[in-house]
Amino acid sequence: MALIVWQGTSFALYLAVIAAILKPLRCGHVAIARLWLPVAAAFPAVFINLGHGQNGFLTAGLLGAALLALPQRPILSGILFGLLAYKPQFALLIPVALLAATQWRATIAAGVTVIALAGAAALAFGTDVWWTFAASTETSRKLLLEQGDVGFEKLQSVFAAIRLWGGGIPLAYLVQGAASVAATGGVAWMWRTSENRELKAAVLIIATLLTSPHALDYDLTILGPAMAFFAASSWSNGFRDFEISALAAAWITPLLARWTAGATNVPLGLIAIMALYALVMRHAMRDRTHCATGSPGIAQA
């Protein structure tokens, strides 16, 4: 019963966030109004998350809801961002984005929320729980990440791809670090310069996966809100054929990622993440070019 309640409520949050992101499209397009729910519910990452009883729905819901609330309710947005502290590897880019956009109220609210959660945990379980947690991270890093006890084919990260191809641990950290720096720079640039809220939301979510060395296939659930934000941003101006193909490939990839990586050493999940990141950055740079030349672009529309 606990599992049913946990998965049911977090799945409802995930669907509610997708519905809110696509609300402008659902109101103006009959096809979107009819298809958004089956497409969101049938996203293969949904079934992977359900099969593991994991927290992908909650992560996707909190990220999406925080980004939706940010323009009008920055304090609420900060609280939702702060709640992501339960999964710290997916919260690293949030301060970068908020500071780049000078969202001070959201930044402070997120920090206060994290402190409050830490204090509540200490009150409930004692301060020793934090020392135990800190001690456990060393074992988890060595066994689950570096040695791949969880299975490198299950991990959808740059680090895991290097290890899957036989690269050593130092090389894996080096390449992962380079990818993380590049993705962080892209997020900072876009959140500093772009006025397109949907594109900024999409790039933050996608880069969150790129910068974490420990992202499992059920974590690909957060690509659902990312693709919804991208669609909401780009729909009025249309998609090129290769963009539609890339979105379709990213949608189906979670179903194939683990099997393909295990059988062929091809990290489909990582390829899909990088392709989506490139699409979003391409649109952002096109917006920037249109604004610079004064022609009507996506951001102005």
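All figures in this text were calculated on a predicted structure; none of them were measured in a lab.
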In this structure, would [X] and [Y] fall into the same cluster of hydrophobic residues linked by side-chain contacts under 4.5 Å?
X    : Y    : value
W259 : L256 : no
V181 : M274 : no
W189 : L92  : no
V46  : V5   : no
I252 : L37  : yes

Hey, are the side chains of [X] and [Y] touching, using non-hydrogen atoms and a 4.5 Å cut-off?
X    : Y    : value
R197 : P71  : yes
L58  : T9   : no
L68  : F229 : yes
L50  : Y218 : no
I79  : V112 : no
W6   : N55  : yes
L145 : F159 : yes
S180 : L210 : no

Hey, could you give me the [atom1]/[atom2] distance between [X] and [Y], rounded to the nearest 0.5 Å?
X    : Y    : atom1 : atom2 : result
L84  : F90  : CG    : CZ    : 10.0 Å
L67  : I21  : CG    : CD1   : 8.0 Å
R282 : L199 : CZ    : CG    : 11.5 Å
L204 : I94  : CG    : CD1   : 6.5 Å
S136 : L143 : OG    : CG    : 11.0 Å
I75  : L70  : CD1   : CG    : 11.5 Å

Verify side chain to side chain contact (heavy atoms under 4.5 Å, CB included) between F242 and L279, making sure each step is shown before the conclusion.
CA-CA 10 Å; F242 73 88; L279 276 184; 3.7 Å; yes

If you compare all heavy atoms of [X] against all heavy atoms of [Y], which two are closest, and at what distance to 0.1 Å?
X    : Y    : answer
P254 : F43  : CG-CE1, 3.8 Å
Y14  : A60  : CD1-CB, 4.0 Å
V114 : G82  : CG2-O, 3.7 Å
G78  : T113 : O-OG1, 4.2 Å
A202 : V280 : CB-CG2, 4.1 Å
Q156 : E153 : NE2-O, 3.3 Å

Can you tell me if CZ on R105 sees more than 12 non-hydrogen neighbours from other groups inside 6.0 Å?
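No, not enclosed.
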
When you look at CZ of F125, are more than 12 heavy atoms from neighbouring residues, nucleotides or ligands closer to it than 6.0 Å?
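Counting other residues, nucleotides and ligands, CZ of F125 stays at 12 neighbours or fewer.
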
With sequence neighbours excluded, what pairs up with K87 under the salt bridge (charged side-chain N to carboxylate O under 4.0 Å, His left out) test?
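Counting only residues at least two positions away or on another chain, K87 forms a salt bridge (charged side-chain N to carboxylate O under 4.0 Å, His left out) with D219.
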
List in chain and number order the residues that pass salt bridge (charged side-chain N to carboxylate O under 4.0 Å, His left out) with R192, two or more places apart in sequence or in another chain; answer none if no residue qualifies.
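Counting only residues at least two positions away or on another chain, R192 forms no salt bridge (charged side-chain N to carboxylate O under 4.0 Å, His left out).
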
Would you say the side-chain atoms of [X] pair up with the backbone N or O of [Y], donor to acceptor, closer than 3.5 Å?
X    : Y    : answer
T211 : T208 : yes
S77  : R73  : no
R163 : E146 : yes
D217 : R258 : no
W251 : V39  : yes

Evaluate side chain to side chain contact (heavy atoms under 4.5 Å, CB included) for F57 paired with L13, printing each intermediate quantity in order.
CA-CA 7 Å; F57 297 143; L13 173 64; over 6 Å; no

Please identify which of these residues, V96, L99, V203, T102, meets the side-chain contact (heavy atoms from CB on, under 4.5 Å) condition with W191.
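Running side-chain contact (heavy atoms from CB on, under 4.5 Å) over V96, L99, V203, T102 with W191 returns exactly one hit, V203.
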
Apply side chain to side chain contact (heavy atoms under 4.5 Å, CB included) to the pair L62 and F81, showing each step before the final yes or no.
CA-CA 7 Å; L62 288 175; F81 278 135; over 6 Å; no

Which is it for Y86 and L117 under the side chain to side chain contact (heavy atoms under 4.5 Å, CB included) test, yes or no, and what are the steps along the way?
CA-CA 9 Å; Y86 86 93; L117 286 174; over 6 Å; no

